[in-house]
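Since the structure comes first, as structure tokens, the remarks are kept for the end.
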Amino acid sequence: MSHTAHIPSHRKPRRSASKTALRAGVAGGVLSTIAVAGAAGPAQAEPVTQTIEMPTITAGLSTSVAASAQATQAVALDLETQATEDAAAATAAKTAKKAKAEAVRKAEARKKAEAAAEAKAQEAAERASRSAERTTLSASTASADSASSSSSSSSSSSSATGSAASVVAFAQSQVGDAYVSGGTGPNSWDCSGLVQAAFRTVGVDLPRVSQSQSTAGTQVSLDNLQPGDILYWGGAGSAYHVGIYVGGGQFVGAQNSSTGVVQKSLDYDPPSGAVRVL
């Protein structure tokens with residue numbers, strides 16, 4: 001091939017002016033048709049300019065949930081109130097029970113204190129009465145009584161026989177022991193405790209207090225006393241002191257806290273009466 005030969009071009013050939021005009025006409029016709037169709041539509045039609053809100057199915061559900069929550073809160077409040085009331089009632093019951101127990105304890109303590117005070121007052125009255133009625137002896141008389149007591153002790157014991165001798169011996173063996181209100185031995189006594197213990201050695205169970213012991217046997221005259229007779233001071237049934245006649249014009253008795261258990265002449269403290277049990 002000659003270097004002068006014609007080389008074909010690869011570029012697309014230009015469209016001719018007639019074809020371009022034809023295409024423009026077709027496009028214009030189509031657009032005209034669309035315009036005419038749009039104009040032929042309903043005249044009152046307007047473009048959509050707003051959004052219609054559709055009803056929601058959750059509106060009723062929200063109301064139900066709110067009501068349920070309110071009811072649950074009310075129930076919880078009621079339960080809390082009931083629990084508070086129950087706790088308060090339990091506390092009140094516990095407090096009342098404790099107060100009742102304390103009141104009972106105090107009442108029992110008060111009764112015991114009153115009984116003890118009454119016993120002490122009675123014993124003090126007995127001691128005061130004995131002191132008021134007792135004749136004060138001179139020193140010489142006291143010495144004579146002591147000598148008489150020593151010399152008559154054996155004779156009084158020898159004059160007593162049987163159970164009376166045992167009662168007298170027991171009473172004399174306690175001389176020198178202490179006097180204690182309510183004492184029943186073995187080393188301290190009150191008047192009726194000593195008498196009761198002496199007679200118990202021979203199987204005789206006497207009442208505990210002097211008032212009852214003063215009526216425990218047969219009333220006897222002071223001029224007809226025998227060893228083992230119970231002497232009393234005051235009225236029969238209302239005696240405030242008792243002792244045991246041991247013979248020879250002597251008696252043994254738990255007198256008071258100052259003297260303790262002594263053996264003395266009847267002149268030392270003349271009794272009001274006597275009863276015979278044996």
Side-chain angles (χ1 to χ4, degrees), residues 51-132 174 177-201 203-216 232-242 254-258 260-261:
T51 301
I52 300 175
E53 184 177 354
M54 298 298 290
T56 62
I57 62 175
T58 60
L61 180 60
S62 298
T63 302
S64 298
V65 170
S68 177
Q70 186 175 6
T72 302
Q73 184 176 6
V75 171
L77 182 59
D78 290 341
L79 292 176
E80 183 179 359
T81 301
Q82 184 64 42
T84 302
E85 292 176 353
D86 292 344
T91 300
K94 185 183 295 184
T95 301
K97 183 178 180 180
K98 184 177 180 181
K100 182 179 179 180
E102 182 65 15
V104 171
R105 185 189 66 79
K106 288 183 178 180
E108 291 178 350
R110 185 170 58 253
K111 288 181 179 179
K112 290 181 180 179
E114 290 175 352
E118 184 178 354
K120 288 183 178 180
Q122 181 178 357
E123 187 61 32
E126 291 180 358
R127 289 199 302 268
S129 298
R130 290 197 299 269
S131 298
Q174 311 308 316
D177 284 354
Y179 174 93
V180 175
S181 177
T184 56
N187 299 314
S188 60
W189 313 86
D190 64 9
C191 61
S192 56
L194 176 61
V195 172
Q196 184 186 51
F199 278 86
R200 187 173 291 159
T201 62
V204 176
D205 190 13
L206 291 178
R208 173 64 183 85
V209 295
S210 57
Q211 293 91 336
S212 299
Q213 290 178 2
S214 66
T215 58
Y232 63 84
W233 285 255
S238 60
Y240 57 83
H241 182 56
V242 289
Q255 295 300 97
N256 52 57
S257 57
S258 298
V261 180

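FYI, the numbering just counts along the sequence from 1. Just so it is clear, the structure is predicted and the values come from calculations on it, not from any experiment.
Taking 4.5 Å as the limit, every side-chain heavy atom of Trp189 sits out of range of all side-chain heavy atoms of Val180. Under the 4.5 Å side-chain criterion, counting only non-hydrogen atoms from C-beta, Gln174 is in contact with Leu194. In this structure, the side chains of Cys191 and His241 come closer than 4.5 Å at one or more pairs of heavy atoms. Taking the side chain as every heavy atom from C-beta outward, Arg110 and Glu114 approach each other to under 4.5 Å.
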Would you check, one step at a time, whether the test side-chain contact (heavy atoms from CB on, under 4.5 Å) holds for Arg200 with Leu206? CA-CA 8 Å; Arg200 187 173 291 159; Leu206 291 178; over 6 Å; no
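Taking all atoms of both residues into account, the shortest heavy-atom contact from Ser210 to Val242 is CB-CG1, 3.8 Å. Heavy atoms only, all atoms of each residue included: Ser214 and Ser238 are closest at OG-N, 4.3 Å. The two residues Thr215 and Gly237 make their nearest non-hydrogen contact at CG2-N, 3.4 Å. A pairwise comparison of heavy atoms in Ala239 and Tyr232 identifies CB-CB, 3.9 Å as the closest pair.
Salt-bridge check for Glu102 with Arg105: passed, with a basic side-chain N closer than 4.0 Å to an acidic carboxylate O.
With Ser192 contributing its side chain and Arg208 its backbone, the two residues share a donor-acceptor pair below 3.5 Å. A distance-only check finds a donor-acceptor pair linking the side chain of Gln213 to the backbone of Pro207 [under 3.5 Å].
Atom CG of Asp190 is separated from atom CD of Gln196 by 9.0 Å, given to the nearest 0.5 angstrom. To the nearest 0.5 Å, atom CG of residue Asp78 and atom CD of residue Glu80 are 10.0 Å apart.
Residues Gln82 and Asp86 bring a donor and an acceptor atom of their side chains to less than 3.5 Å of each other.
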